[in-house]
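For reference, the structure is listed below as C-alpha cells.
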Amino acid sequence: MIVSIASGKGGTGKTTVALLLAAARPGATVVDCDVEEPNCHLFLQPGRGEERQVTVMRPSLNTELCDGCGRCAEVCLFNALAITGKKVLLFDELCHGCGGCILACPPKAVSEAAKPIGVVRAGAATRNSAGTKLIDGLLDVGSPTASPLIKAMKETLAAQGDIIVDCPPGTACSMVAAVADSDFCLLVTEPTPFGLHDLGLAAGVIKLLGIPAGVVINKSDGGAWDDAVADWCAQEGIPILGRIPHSEAFAHEYAEGRISPEYLADARAIWGKLGREGDCR
Amino acid sequence: MKELVIMSGKGGTGKTSISAALAYLAPEKVLADCDVDAANLHLMVGARQRESHGFVAGFEPEVNVTECVKCGRCTALCRFKAIDNGAITSPFACEGCGVCAFNCPAHAISMRDKSAGRWLVSDTRFGTMVHAELGLAVENSGKLVSRVRLETKKLAEKQKVPLIITDGPPGIGCPAIATVTGADLVLAVVEPSLSAMHDLERLRNLCGHFKVPIAVCINKATLSPANTGALKESLAANDVPVVGEIAYDSVFRTAVQTSRTVMEIDNIKVQEKILELWYNLSALLGVTHNESVVHKLDRKLKSFAGWV
C-alpha cells in the first residue's frame with residue numbers, strides 16, 4: 001500500500017507522522033519527496049547506500065547546422081529559446097524538456113543532452129526506526145525543477161510492501177507529483193486557522209486527483225480549533241484517523257532529531273484504520 | 001524603496017507570525033504574501049479584499065473531436081503521458097508545451113490560455129497587502145510570485161512608502177527563487193531543530209547563488225539550547241548576522257489561533273525581542289521613514305519601553 005502524507009502548509013508535522021508510521025510498521029519504505037528540503041534522513045540516519053544522479057533532457061544546439069530561422073523559439077511555449085539576430089539563446093531553467101524544438105527544427109540542428117538536477121539516494125535507517133528503508137532526493141540548489149526529480153524517485157520504487165511518501169508542502173506541481181499514484185493520502189493538519197485553511201486547499205487537490213483521504217490532527221489540544229477541524233472534516237466526509245497531542249516535550253525531542261516512541265500506539269491505530277478506510281473517498 | 005523578504009527554508013518556523021509582527025511595527029510599508037500555494041498572512045492581519053485579478057499563465061490543449069483522426073501521433077510525441085489519441089487522459093500531467101498541437105497532422109488540437117489562479121489586493125489593519133491564490137494543482141507558482149512582487153512594487157511606489165515586507169514561501173524551488181531574486185534583504189526565520197538548520201543551509205546557498213544578503217532570526221531558541229549554540233557558531237563562522245533571538249513561547253500559538261499578531265497580545269518578553277529585531281532590520285536595510293509617521297511610531301514604541 002502506498003500512503004502519502006500531505007498538508008498544504010509546512011510545519012504541520014508531515015515528517016513526524018511519516019516517521020511514526022514507519023516506526024509502527026517494520027519493513028516499510030519511506031520516500032521523502034520534499035526534495036527542496038528533505039528532512040527524514042536527519043532522523044533515520046541511513047547508512048551509505050546507493051546514490052544516483054538524476055538528469056533531465058535539455059536542448060543542445062549544433063551551431064554549424066543552425067541557420068537561425070527561429071522556428072524553435074516560435075514553438076517553445078515556455079520561452080526557453082530566443083532569437084537575437086540569427087543566434088539562438090537557450091534559457092535552461094525555463095525548459096520543460098518537451099522536445100518540441102527538436103521536432104520543429106527544419107535543419108535538425110537541435111538535439112538533446114542530459115543535465116543533472118539532483119540525486120536520489122537510498123539506504124537503511126540506523127536510528128529511530130532501524131531497518132526502515134529510506135529513499136530521498138536532493139534537488140540541486142538553484143534548480144527550479146522539483147517534479148522530474150520526484151518522478152524519478154518514484155520510478156526507482158519496486159512496488160513491494162508498504163510505502164510511506166512524505167510530500168512537499170503546498171498544492172502545486174511538486175505536491176501533485178508526490179501524491180500521484182498513492183492508494184491513500186493522510187492529510188496532516190494542526191488545529192489553527194492556518195492549518196484549517198491549508199487543509200482545505202490540500203483536500204481540494206486530493207479530491208481532484210480522486211485519491212481517498214483521511215485526516216490526522218497533529219498538535220491537538222482539544223480546544224475550539226480542534227472542533228472546527230472536526231466539523232469541517234464531517235462536512236466534507238473525510239474521516240479523522242488520529243490525533244497526536246500538542247506537546248512541548250515532543251517538540252524538544254524532535255528538535256534534536258529524536259522521535260518519541262510514546263506515540264507508536266497512535267501510529268499503529270492509524271495503520272489499522274488505513275486498512276479499513278482504504279476504500280472510502 | 002527597500003524590500004525585506006521573510007523566508008525559512010522549512011515551513012512552520014514562524015515566518016508568517018514574524019512577518020505580521022513586523023507589519024505591526026513598521027510605520028510605512030506595503031505587505032506581500034508570496035506563499036501563493038498556501039497563503040496565511042491574510043488570516044493574521046485582518047485582510048479585507050479590495051481587488052481580485054485573474055491570473056493566466058501557460059496553455060492547455062483543446063481537442064476538436066470532429067477533426068481528430070485518431071492517428072496516435074499526439075500519444076507518441078507527448079513526453080508527459082497526458083494525451084491518448086486526442087483525449088486528454090491526464091490533465092495534471094500536461095505541461096502545456098503544445099507538442100501535440102503543433103504536430104497534429106489533422107490540425108485538430110489548439111492551445112488556449114490557462115487560468116492559473118488569481119492575485120488580490122486587500123486592506124489590512126497594517127496597510128495594503130498584495131497576495132494570491134494559485135489554482136489547485138497547477139504549476140507556474142514562480143510566475144504568480146513574480147506577479148505579486150511586481151504589483152506590490154507598483155503599489156509601494158504609488159503610496160511612496162520606503163519598505164515592502166514580504167512573507168515568503170518555504171523551500172528553495174521555483175517560488176522561493178522567484179521571491180528571493182532582487183530582494184534587498186532576506187530574513188531567515190530559523191528554529192533550532194535539525195530539520196530547520198539543515199534547510200537554512202540550503203536557503204543560505206540559494207541566497208548566495210542569487211547574491212541577496214541574508215540575516216537570521218532564531219525563533220523557539222529554547223527548544224534546544226545545544227542546537228541554538230551550534231547554529232550561532234556556524235552563522236558566525238559564515239558571517240551571517242543574527243538579528244533576533246526569541247524563546248519558545250505559546251503566545252505564537254495563541255496569536256495564530258485568535259488571528260492577532262504577537263504584538264497585540266500582552267507578552268512583554270516576546271514583544272521586546274521583536275522590537276529589537278525590527279530595530280536591527282531597519283538599521284541593516286537603512287530605511288528612512290517619513291518623520292511625522294516615525295513620531296507616531298515612537299509613541300507606540302515608548303509604550304513598550306514602559307513595560308521593560
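Within every chain, numbering begins at 1; the chains are lettered A, B, ... in the order of the sequence lines, protein sequences first and strands thereafter.
Proximity to chain B (any heavy atom under 4.5 Å) is shown, for A/F194, by both the backbone and the side chain. Using a 4.5 Å cut-off between heavy atoms, B/N103 touches chain A through its side chain atoms alone. For a residue to count as touching a neighbouring chain, one of its non-hydrogen atoms must lie under 4.5 Å from one of that chain's; by this rule A/P191 touches chain B with backbone and side chain alike. Residue contact with chain B, scored on non-hydrogen atoms closer than 4.5 Å, is absent for A/L196. Looking at B/V138, the atoms closer than 4.5 Å to chain A (heavy atoms on both sides) all sit in the backbone: N, CA, C or O. The parts of A/V141 that come within reach of chain B are both its backbone and its side chain, each placing non-hydrogen atoms under 4.5 angstrom from that chain. For A/H197, the part lying under 4.5 angstrom from a heavy atom of chain B is the side chain only. Both the backbone and the side chain of A/D221 come within less than 4.5 Å of a heavy atom in chain B. With a 4.5 angstrom heavy-atom cutoff, A/A251 touches chain B via backbone and side-chain atoms both. When heavy atoms are compared at a cutoff of 4.5 Å, B/P170 approaches chain A by way of both its backbone and its side chain.
Here A/E256 is the residue among A/K14, A/K219, A/E256, A/K9 with the most heavy-atom pairs under 4.5 Å with chain B. Put simply, of B/N140, B/N227, B/I172, B/N40, the one with the most heavy-atom pairs under 4.5 Å next to chain A is B/N40. Of the listed residues (A/V176, A/T192, A/V75, A/T15), the one with the most heavy-atom contacts under 4.5 Å to chain B is A/V75. The greatest number of non-hydrogen atom pairs below 4.5 Å with chain A, out of B/H198, B/M111, B/K220, is found for B/H198. When A/S7, A/G10, A/G100, A/G204 are compared by the number of non-hydrogen pairs under 4.5 Å with chain B, A/G10 comes out ahead. For the set A/C173, A/A177, A/S147, A/P193, the count of heavy-atom pairs under 4.5 angstrom toward chain B peaks at A/P193. Of the listed residues (A/E36, A/H96, A/K151, A/H246), the one with the most heavy-atom contacts under 4.5 Å to chain B is A/E36. Note on A/E190, A/E253, A/E93, A/H41: by heavy-atom pairs under 4.5 Å with chain B, the leading option is A/H41. For the set B/E133, B/R202, B/H209, the count of heavy-atom pairs under 4.5 angstrom toward chain A peaks at B/R202. Interface remark: of the candidates B/D199, B/D35, B/L206, B/V36, B/D199 forms the most heavy-atom pairs closer than 4.5 Å to chain A. Looking only at heavy-atom pairs under 4.5 Å with chain A, the residue among B/L203, B/I177, B/T258, B/L134 that has the most is B/I177. The most heavy-atom pairs under 4.5 Å with chain A, out of B/A101, B/G14, B/A39, come from B/A39.
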**OP:** Let me see the working for A/V35 and A/L138 under side chain to side chain contact (heavy atoms under 4.5 Å, CB included), right down to the final yes or no.
**Re:** CA-CA 5 Å; A/V35 297; A/L138 196 62; over 6 Å; no
* To do: Apply the test salt bridge (Lys or Arg N to Asp or Glu O under 4.0 Å) to residues A/D92 and A/K115: give CA-CA distance (whole Å), side-chain angles for both, the deciding distance (0.1 Å), then the verdict.
  => CA-CA 9 Å; A/D92 250 9; A/K115 185 197 168 198; 3.7 Å; yes
* To do: Determine, step by step, whether B/V145 and B/C34 satisfy the side chain to side chain contact (heavy atoms under 4.5 Å, CB included) criterion, reporting the C-alpha distance in whole Å, the side-chain angles of both residues, the deciding distance to 0.1 Å, and the verdict.
  => CA-CA 5 Å; B/V145 165; B/C34 283; 3.9 Å; yes
Would B/E95 and B/R79 satisfy salt bridge (Lys or Arg N to Asp or Glu O under 4.0 Å), going step by step from the backbone distance to the final call?
CA-CA 10 Å; B/E95 306 227 354; B/R79 291 189 173 179; over 6 Å; no
Set out, in order, the CA-CA distance, both residues' side-chain angles and the distance that settles side chain to side chain contact (heavy atoms under 4.5 Å, CB included) for A/L44 and A/L19, then state yes or no. CA-CA 8 Å; A/L44 297 177; A/L19 294 170; 3.8 Å; yes
(request) May I have the step-by-step check of side chain to side chain contact (heavy atoms under 4.5 Å, CB included) for B/I218 and B/L231, ending in yes or no? (result) CA-CA 9 Å; B/I218 305 176; B/L231 182 58; 4.0 Å; yes
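For A/S220, the side-chain hydrogen bond (donor to acceptor under 3.5 Å, both in side chains) test picks out A/D226, with sequence neighbours left out. The ring pair (Phe, Tyr, Trp, His ring centres under 6.0 Å) check on A/H252 picks up nothing, with sequence neighbours excluded. When the side-chain hydrogen bond (donor to acceptor under 3.5 Å, both in side chains) test is applied to B/E62, the partners found at least two apart in sequence or on another chain are B/R112.
Evaluated for a side-chain contact (heavy atoms from CB on, under 4.5 Å) with A/V120, the options A/E155, A/M153, A/K154 yield exactly one hit, A/M153. Of the candidates A/T12, A/T189, A/I238, A/L199 forms a side-chain contact (heavy atoms from CB on, under 4.5 Å) with just one, namely A/T189.
In this model, no donor atom of one side chain and acceptor atom of the other lie less than 3.5 Å apart for B/T254 and B/Q257. Side-chain contact, A/D34 with A/N39: no donor N or O sits under 3.5 Å from an acceptor N or O. Defined by atom type and a distance below 3.5 Å, a donor-acceptor pair is present between the side-chain atoms of B/K15 and B/S8.
Ion pairing between A/E37 and B/K10 fails under the 4.0 Å rule for side-chain N and carboxylate O.
You'll find the ring centres of A/Y254 and A/F43 inside the 6.0 Å limit.
Across all non-hydrogen atoms, the minimal contact from B/L200 to B/A188 is CD1-CB, 3.7 Å.
Residues of residues 42-49 of chain B placed with any heavy atom under 4.5 Å of a heavy atom in chain A are listed by number as B/H42, B/L43, B/M44.
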